[in-house]
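Below you'll find the structure, written out as structure tokens, and then a few comments.
Proteins get letters first, then strands, A, B, ... in listed order; numbering begins at 1 in each. Computed from heavy atoms alone, side chains included, the values below leave out hydrogens, waters and symmetry copies.
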Protein chains: 2
Amino acid sequence: MITLTEENYIKAIYHLGSNGNESVNTNAIAEAMQTKASSVTDMVKKLSEKNYADYKKYQGVTLTERGRQVAVSIIRKHRLWEVFLVEKLNFSWDEVHEVAEHLEHIKSEKLINQLDAFLEFPKHDPHGDPIPDKEGKFQHIEKIILAKADVGSVYKCVGVDDSSSSFLKYLDSNKIALGTVISVLHKEPYDNSVKIALGDTAIVVSQNVAKNLYLKKVES
Amino acid sequence: MITLTEENYIKAIYHLGSNGNESVNTNAIAEAMQTKASSVTDMVKKLSEKNYADYKKYQGVTLTERGRQVAVSIIRKHRLWEVFLVEKLNFSWDEVHEVAEHLEHIKSEKLINQLDAFLEFPKHDPHGDPIPDKEGKFQHIEKIILAKADVGSVYKCVGVDDSSSSFLKYLDSNKIALGTVISVLHKEPYDNSVKIALGDTAIVVSQNVAKNLYLKKVES
DNA sequence: ATTTATTTTTAGACTAGTCTAAATTTTATT
DNA sequence: AATAAAATTTAGACTAGTCTAAAAATAAAT
């Protein structure tokens, strides 16, 4: 049996280690889990004993294939529930994360597969993140951050790198949502801010924003 | 903060004490919670300290108003999720309980009220049990058990007293569902079995079944 | 190449919830 | 009313997860 806490650690290690591929430090996990390094040491030992992770003292921890499968399964649930909350229960994209943090731990194959079907097999969550299918396969889309977009080209918004409520609310107030068409007008070398056009209005966004907004080129 | 375990004990005490109105024994709780009496004693002390229950040594435990409110709130969530599972995700009525046992603990006012609206404010769950509204008010329907129904009268099925999977599957295999019209043909004094008509077929059900099926008289 | 700073681990203690076994109280029976 | 039976509580121990403080190992800086 896997516990709730084990699941949360596995998820954190997955995200911190670029989708379960890299080794993760004790302190990074402690920071993400809002706990102390000593607690993390205890838990990674346990995860290692249970074959969810590989761990050598002082050398960080990496998920095993088994650990990655657990992580992907949790992420699938999390993102499907987020779609449900937005599409069916009228939540806004900055409200879904907290509730999905709880829903993601409910373990019922039938529940999640029926939910998937009910939502018509969505491929992305409300923040543009890909939803793995039943077999754990992701369907990635080609995307770049606004900071690396070409001046003069036309894009559409396909995701965010920062899903914090404050960033999402900033986007709302600037009428930027998934699917919004964005033309890159100018990049200011001084502070790396970017001037973009949204329909007939032009706005300037900071480097911070430009690094957290994913775009995809639109064929003209 | 209330813990998951506290919530489950409160719910058990509520059900065992006829909806939170009567005092409940330690052993009854232990049986319902699949735990030992000594664990129950510890927990009821804790619930008492937290003002969810009144408890005097050796005298059983009763929910306080505060405890009843917690119980009703959990029951509201449980039953709304059951409706969701049946109506939207095509679960059968014998499959919903287990999953709802987990969903009922997710605490988000917005989640549950939006779910309620999405389901169009159902008044009863898939087993015919009433769903309390936002304020905790139940809308009871007048109902009697088949064992006490009048021979010669016509009823419809409005609920079950036993929600076990085996009983529900028995009803499925005999084509009895919520809303099914049932005429009472004969009561056998020898073993208290009851002969009923379902459409054009007549079947005999045991006393056990007759005591667990709720009916409401149909105006002819 | 040492010393210093940082990171990580260990040791021991705490809380929530559980258990077994023994002690106590209540209830039932003679 | 005394005794037996049943129910309940206490005492002490265990697991999961957490913490603080101290020790140990690694990484950085002189």
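The environment of NZ in B:Lys50 is crowded: more than 12 heavy-atom neighbours from other residues, nucleotides or ligands sit within 6.0 Å. Around the NZ atom of B:Lys195, the shell of radius 6.0 Å holds no more than 12 heavy atoms that belong to other residues, nucleotides or ligands.
Relative ring orientation between A:Trp81 and B:Phe84 is described as tilted, the plane-to-plane angle lying within the 30° to 60° band.
Contact check, A:Thr41 against C:dT9: a side-chain N or O comes under 4.0 Å of OP1 or OP2. Using a 4.0 Å cut-off, no side-chain N or O of A:Tyr55 falls inside it from OP1 or OP2 of C:dT8. Regarding contacts with the backbone of C:dA16, every side-chain N or O of B:Thr3 stays at 4.0 angstrom or more from both OP1 and OP2.
With no hydrogens or angles considered, a side-chain donor-acceptor pair links A:Lys77 and A:Ser73 at under 3.5 Å. No hydrogens or angles considered: nothing links the side chains of B:His78 and B:Asp125 as a donor-acceptor pair under 3.5 Å. Looking at B:Asp162 and B:Ser164, their side chains do bring a donor and an acceptor atom within 3.5 Å of each other. Side-chain contact check for B:Ser193 and B:Asp191: at least one donor-acceptor pair (N or O, by modelled atom type) lies under 3.5 Å.
Atom NZ of B:Lys45 is separated from atom C1' of D:dA11 by 10 Å (rounded to the nearest Å). Between the C1' atom of C:dA16 and the CG atom of B:Asp42 lies a distance of 10 Å, rounded to the nearest Å. The nearest whole Å value for the distance from the CE atom in B:Met1 to the P atom in C:dA16 is 12 Å. D:dA16 atom C1' lies 14 Å from atom CD1 of A:Ile2, rounded to whole Å. Remark: P of C:dT15 and NZ of B:Lys50 are 14 Å apart, rounded to the nearest angstrom. Atom CE in B:Met43 sits roughly 16 Å away from atom P in C:dT15 (whole-Å rounding).
Within a heavy-atom distance below 4.0 Å of DNA chain D, the residues of residues 8-37 of chain A found are A:Tyr9, A:Thr35, A:Lys36.
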How far apart are the C-alpha atoms of B:Asn208 and B:Ser206, what are their side-chain angles, what is the distance that settles it, and do they pass the side-chain hydrogen bond (donor to acceptor under 3.5 Å, both in side chains) test?
CA-CA 5 Å; B:Asn208 208 305; B:Ser206 68; 5.6 Å; no

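Because its NZ or CZ atom is both nearer than 6.0 Å to the ring centre of B:Phe118 and within 45° of the ring axis, B:Lys88 counts as a cation-pi partner of that residue.
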Annotated protein contacts, base or backbone, on nucleotides 21-28 of chain D with a non-hydrogen cut-off under 4.0 Å, one of B, S, - each:
---BSS--

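Residue contacts for A:Thr5: at a heavy-atom cut-off of 4.0 Å it reaches the sugar-phosphate backbone alone, with no base atom in range.
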